[in-house]
Amino acid sequence: MADLLDRDELDVVGIGNALVDVLSHASDAFLAREGLVKGAMHLVDEARARRLYTAMGPAIEVSGGSAANTMVGVASFGGRAHYVGKVRDDQLGEVFSHDLRSVGVGYATPAATDGPSTGRCLIVVTPDAQRTMNTYLGASVLLGPADVDARLIARGRILYLEGYLFDPPAAQEAFRVAAGLAHGAGRKVALTLSDPFCVDRHRAAFLDLVEHHVDVLFANEAEIRSLYQVRDFDDALQRARRDCEVAALTRSAKGSVVVSGDEVHVVDAHPVGAVVDTTGAGDLYASGFLYGLSRGLSLATCGRLGALAAAEVISHVGARPATPLAELAGALRA
């Protein structure tokens, strides 16, 4: 059967920024007062992170980072996931590693013993459910090629790379090394573009990665248009179709479009009663899609699993499923 794994095989291995997420609700006035652009991800230094943390209201704190959230989603579907990301040997680093393992995600990246503290992402959710992120990368920037375990990469059916990690040059090299190892082992490589501002900073490097190292591309409408510097979504879709084996492009309430060669699937957004917090929507969409793809399901089914996971996570505060996704998936996995 397609969904049976060899004893030592993994569905997905994810590489990304290892961060502790701090989520709090605030008004648009708070964003204006702090000079924050709604819906964007801002990189901040440790001093700025401390000031914002002090200014924020009551918060939920949980281990996170985009690819880590995706791996948690894969595990929630019943998949086998492993995460690669760098933390410091401090209290937050210990919390991060324990929390990730407790939900069934493998994690064995050695902690840094000196340098910056464990990274964190301060997330402000406004009344319209938009999330604005302020990220102190901390120890996560120390991830490099030496942290890429060739045996681990070879065990994963799919290698998943987080675009947010693309800022440090060493991480870019780690991506290329990991992608080469995955392809050498006959595995697939997936990339999420993560954020349009991230794409703007590294467009040439992202294009090279997409054209030469990536099989499966995840992006939302703003990110894919930014990558190809076009105004029209359909133009960007056609470019992605040429560059990648599979492109899964999300469009918020419009659902998603999945393309592979001549194959096109328009997937409706999964029904949700009320949108509470959009944090993690793209991360969890990727989890459903990757889980389905790793188990040999059709692209249309992969898209529907992604939509299901995204709908679940936006129905409550936080970037992790509150209900096991395996329970919700039901007949979609058939």
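These numbers were taken from a predicted model, which means no experiment stands behind them.
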Regarding [X] and [Y], is there a side-chain donor-to-acceptor distance under 3.5 Å anywhere?
X: H202; Y: D167; result: yes
X: T113; Y: D89; result: no
X: D90; Y: T118; result: yes
X: D243; Y: Y228; result: yes
X: D200; Y: S226; result: yes
X: S298; Y: R304; result: no

*Please round to the nearest 0.5 Å and tell me the distance separating atom OH of Y285 and atom OG1 of T192.*
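Result: 11.5 Å between the selected atoms.
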_Using 0.5 Å steps for rounding, measure from the CZ atom of R120 to the OH atom of Y136._
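One gets 6.0 Å once the value is rounded to the nearest 0.5 Å.
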*Of the non-hydrogen atoms in I15 and A67, which two are nearest, and what is the gap between them?*
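Smallest interatomic distance, heavy atoms only, reads O-CB, 3.8 Å.
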*Minimum-distance pair of heavy atoms, taken over all atoms of A139 and V87*: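 Where A139 meets V87 most closely, the heavy atoms are CB-C, 3.7 Å.
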More than 12 heavy atoms of other groups within 6.0 Å of [X] [atom1]:
X: H316; atom1: NE2; value: yes
X: K38; atom1: NZ; value: yes
X: R203; atom1: CZ; value: yes
X: Y53; atom1: OH; value: no

Would you find a donor on one side and an acceptor on the other, under 3.5 Å apart, between the side chain of [X] and the backbone of [Y]?
X: T135; Y: C121; answer: no
X: T278; Y: A129; answer: yes
X: T132; Y: G39; answer: yes
X: S140; Y: N17; answer: no
X: Y164; Y: S194; answer: yes
X: D215; Y: E245; answer: no
X: E162; Y: G14; answer: no
X: K86; Y: P110; answer: yes
X: S76; Y: L325; answer: yes
X: S256; Y: L249; answer: no

*What residues form a side-chain hydrogen bond (donor to acceptor under 3.5 Å, both in side chains) with D235, not counting sequence neighbours?*
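D235: no side-chain hydrogen bond (donor to acceptor under 3.5 Å, both in side chains) contacts found.
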Give every donor-acceptor pair under 3.5 Å between a side-chain atom in residues 205-214 and any protein atom, sequence neighbours left out.
residue: D208; atom: OD1; partner: H212; partner atom: ND1; Å: 3.1
residue: H212; atom: ND1; partner: D208; partner atom: O; Å: 3.2

*asked:* Students often mix this up, so state it plainly: with edges at 30° and 60°, are the rings of Y83 and F96 parallel, tilted or perpendicular?
replied: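 The arrangement is tilted - the two ring planes meet at 30° to 60°.
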_Checking V246 against F289 for the side-chain contact (heavy atoms from CB on, under 4.5 Å) test, could you report, in this order, the C-alpha distance in whole Å, the side-chain angles of both residues, the deciding distance, and whether it holds?_
CA-CA 11 Å; V246 178; F289 197 97; 4.0 Å; yes
_Option from T279, D21, I60, N69 for which side-chain contact (heavy atoms from CB on, under 4.5 Å) with R320 holds_ =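 Among T279, D21, I60, N69, the one that satisfies the side-chain contact (heavy atoms from CB on, under 4.5 Å) with R320 is N69.
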*Please say which of R155, R187, R295 ends up in a salt bridge (charged side-chain N to carboxylate O under 4.0 Å, His left out) with E9.*
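With E9 as partner, R155, R187, R295 yield a single salt bridge (charged side-chain N to carboxylate O under 4.0 Å, His left out), made by R187.
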